Student: 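The following block contains the structure, expressed as C-alpha cells.
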There are 2 protein chains.
Amino acid sequence: MRMSEGVEWGLHCCLALAWIGDDRPVPTARLAELFDLPQAYLNKRLQALVRAGILSSVAGARGGFLLARPPEKITFLDVVTAVEGPEDPFRCTEIRQRGAGAEAPARDFRLPCGIATAMRRAELAWRRELAAQTLAHMIEVTPETAAVRIRRHYERLSR
Amino acid sequence: MRMSEGVEWGLHCCLALAWIGDDRPVPTARLAELFDLPQAYLNKRLQALVRAGILSSVAGARGGFLLARPPEKITFLDVVTAVEGPEDPFRCTEIRQRGAGAEAPARDFRLPCGIATAMRRAELAWRRELAAQTLAHMIEVTPETAAVRIRRHYERLSR
DNA sequence: GGTTCCGTACTCGGATAGTTGTTGTCCGAGTAATGAGGG
DNA sequence: CCCTCATTACTCGGACAACAACTATCCGAGTACGGAACC
C-alpha cells in the first residue's frame, strides 16, 4: 500500500497558497518552482483538487489556482480524498461467500464480514485524525521562517 | 491508495486455520479451495506471513501451514504489516527542502515536516485500531455457523 | 486624445506515452509416506 | 516377521511473465494584456 505522492504535493501547495495569501491566482509554474516539481504533472494533480472544490482555477493569461475556502475549512481528509479518490484502502471482496460458503444460505451473510468491519473501523480512526487537521492548524504550528521563505521566493518569481 | 488483496486473503486464512485447529499443517491447496483462490498466488502470499512469524510452514509431503502463535497473540496489524510491508503509506520526500527551501540553512529543517507529522499521527491511530483487533476477538464476534462450515468443508476435502 | 480591434503570450484541461508495482503462473528443492527386498 | 532402503507423490519456496496503476509529457481551448489603427 503506497499513497500517491500527489497527496504530499497537494498539501504543500495548499499551504503555500495560504501563506502567499494573494487575491490573484497563482499559476502552476510558480507552485512547481517553489518545490522543484514537474510542472505539467503537478497541474494534472491540482485539477483533482479543483474538482473536489478545494481550489478554484482561473483559465487564460494571469490565470492560476486559488484556495476556494478559508484555511480553517480545508482539512487533510479533504485533500487526501480529492487526490486518492473516495474508495476505502481495504476492499472486501466477500471471499467468505466463495468456496466453502458458496452453497450457504443467504441469511448467513446478513451481517457484514467481521474482517471488513474491523478494517473499516481502523480506517475510520484514520479519517477522523485526518479530518481533525486543518490547513489553519498547520499554519499555526509551522515556524514563520518557512512562510516567509515561500513568500519571498514567490515575490521574486513574480517580478 | 489501494491495499493489496493479500491482506484479505491472509486474514481469512489465519481465521480458517484457527477454526480448523488441527495440529497437522494445512496445505495451500486446501486453503485455496476454502475461498476459491488461485493456489499458487495464495502460496506466495502466505510466505510473507511465514517470514513475519505469524505462520509456520512445513515442507514436503503432508506439509502445509500452521498458526505460529495462539489466536490471542495475532493482531490485524501483524498481518497487514507482514503482507504490505513495514513502510508508511505516506512517504515524506521533504519537498520543503527543494525549490524555495533549497538554500535555507539546515537548522530550519531540524523539526520534522508538519505535514508528515500530521499524516503520521493519522496512521498511528489506524495502526492502534489494527493492533487492538486480535484473531481471538474475531472468533468471538463471528457466528458459529461460519466456523462450522469451514471445518465441515475442510474435513470433506481431507478425506 | 480616446476608442476599437486584432495579434500575442500565457494558462488550464484533457488526451497521450513511459515506468514502476501488483497480480498470476511455473518449475525445482526437499520431505514423508509407501512398498519391495533382504536378513 | 522385522528392518533397511529406494521410489513416489506431495508441498513449500523462489524465479519468471502479464496486467494494471501511477508517473510524466504534450498539445489544444480559452483568456487577458498590449499595441496599432482609426475616429
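Nothing here was measured: the structure is a model prediction, and the numbers come from that model. Order of the sequence lines fixes the chain letters, A, B, ..., with proteins taken first and strands second; residue numbering starts at 1 for each chain.
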Student: Of B/Ser57 and A/Ala61, whose closest DNA chain D nucleotide lies nearer the 5' terminus?
Tutor: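 Checking each residue's closest nucleotide, the 5'-ward one belongs to B/Ser57.
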Student: State whether A/Ser4 places a side-chain N or O below 4.0 Å from either non-bridging phosphate oxygen (OP1 or OP2) of D/dA21.
Tutor: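 Looking at the OP1 and OP2 atoms of D/dA21, neither is under 4.0 Å from any side-chain N or O of A/Ser4.
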Student: Quick one: is B/Gln47 getting a side-chain N or O under 4.0 Å of the D/dC12 phosphate, OP1 or OP2?
Tutor: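 For D/dC12, neither OP1 nor OP2 has a side-chain N or O of B/Gln47 closer than 4.0 Å.
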Student: Rounded to the nearest angstrom, tell me the gap between atom CG in B/Asp36 and atom P in C/dG24.
Tutor: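 For the pair B/Asp36 CG and C/dG24 P, the rounded distance is 12 Å.
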Student: Using atom CD of A/Glu84 as one end and atom C1' of D/dT23 as the other, report the distance to the nearest whole Å.
Tutor: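 Answer to the nearest Å: 13 Å.
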Student: Side chain of B/Lys44, heavy atoms from C-beta onward: which of C/dG24, C/dG13, D/dC12 has the nearest atom to it?
Tutor: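 So the side chain of B/Lys44 is nearest to C/dG24.
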Student: Side chains of A/Arg24 and A/Arg62: closer than 4.5 Å at any heavy-atom pair?
Tutor: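 Heavy-atom side-chain distance check fails, nothing below 4.5 Å.
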Student: Under the criterion ring pair (Phe, Tyr, Trp, His ring centres under 6.0 Å), I'd like the reasoning laid out for A/Tyr41 against A/Trp9: C-alpha separation, chi angles, the key distance, then a yes or no.
Tutor: CA-CA 10 Å; A/Tyr41 188 40; A/Trp9 297 4; 5.4 Å; yes
Student: Both B/Ala40 and B/Met1 contact DNA chain D. Taking the nearest nucleotide for each, which residue is further toward the 5' end?
Tutor: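 Between the two, 5'-proximity favours B/Ala40.
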Student: Would you tell me whether B/Glu5 and A/Thr93 have side-chain atoms, one donor and one acceptor, within less than 3.5 Å of each other?
Tutor: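 B/Glu5 vs A/Thr93: no donor-acceptor pair found between side chains.
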Student: Output the rounded distance in Å from CZ (B/Arg91) to P (D/dC22).
Tutor: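 Taking atom P of D/dC22 as the reference, CZ of B/Arg91 is at 14 Å.
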Student: Taking only the side-chain heavy atoms of B/Pro38 (C-beta and beyond), determine which of C/dT25, C/dT23, C/dC12 contains the nearest atom.
Tutor: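 Of the options given, the side chain of B/Pro38 lies nearest C/dT25.
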Student: Taking any heavy-atom pair under 4.0 Å as a contact, classify A/Gly63: base, sugar-phosphate, or nothing.
Tutor: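 Sugar-phosphate only.
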Student: Taking the minimum atom-to-atom distance to the side chain of A/Glu5, which one of C/dT23, C/dG13, D/dT23 wins?
Tutor: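 Selected nucleotide (nearest to the side chain): D/dT23.
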Student: With sugar-phosphate meaning primed atoms plus P, OP1 and OP2, does A/Arg30 contact a base, only sugar-phosphate, or nothing at under 4.0 Å between heavy atoms?
Tutor: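 Answer is nothing: A/Arg30 stays at 4.0 Å or more from every strand.
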Student: Considering heavy-atom distances to DNA chain C, does A/Leu46 or A/Arg2 have its closest nucleotide positioned more toward the 5' end?
Tutor: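 Whichever sits nearer the 5' end wins; that is A/Leu46.
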Student: What is the nucleic acid contact for B/Arg51, judged by heavy atoms within less than 4.0 Å: base, sugar-phosphate only, or nothing?
Tutor: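 The residue B/Arg51 makes sugar-phosphate contact but no base contact.
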Student: Which atom pair, heavy atoms only, marks the closest approach of B/Val80 to B/Met3?
Tutor: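 So the two residues come closest at CG1-CE, 4.3 Å.
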Student: Closest heavy-atom contact between B/Thr134 and B/Pro71?
Tutor: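 Where B/Thr134 meets B/Pro71 most closely, the heavy atoms are CB-O, 3.9 Å.
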Student: Measure the distance from CG on A/Leu31 to C1' on C/dC10 and round it to the nearest whole Å.
Tutor: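 Result: 16 Å.
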Student: Taking A/Glu144 first and then A/Arg151, would you say they form a salt bridge - that is, a charged N and a carboxylate O separated by under 4.0 Å?
Tutor: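 Looking at A/Arg151 together with A/Glu144, the answer is yes, because their closest N to O distance falls below 4.0 Å.
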Student: Expressed as a whole number of angstroms, how long is the span from B/Gln39:CD to C/dT25:C1'?
Tutor: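 Rounded to whole Å, this separation is 11 Å.
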Student: Figure out the CG/C1' separation between A/Asn43 and C/dC10, and round it to whole Å.
Tutor: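 Value for this atom pair: 13 Å.
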Student: Taking the side chain of A/Val50 as heavy atoms from C-beta outward, which of C/dT23, D/dG13, C/dG13 is closest to it?
Tutor: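 Selected nucleotide (nearest to the side chain): C/dG13.
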Student: Tell me the interatomic distance from A/Arg24, atom CZ, to C/dC10, atom C1', rounded to whole angstroms.
Tutor: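 Whole-Å distance recorded here is 16 Å.
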Student: Nearest to the side chain of B/Tyr41 - D/dC12, C/dT23, D/dA24?
Tutor: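 Closest nucleotide among those given: C/dT23.
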Student: D/dC26 C1' sits how many Å from A/Leu42 CG, rounded?
Tutor: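 Between C1' of D/dC26 and CG of A/Leu42: 16 Å.
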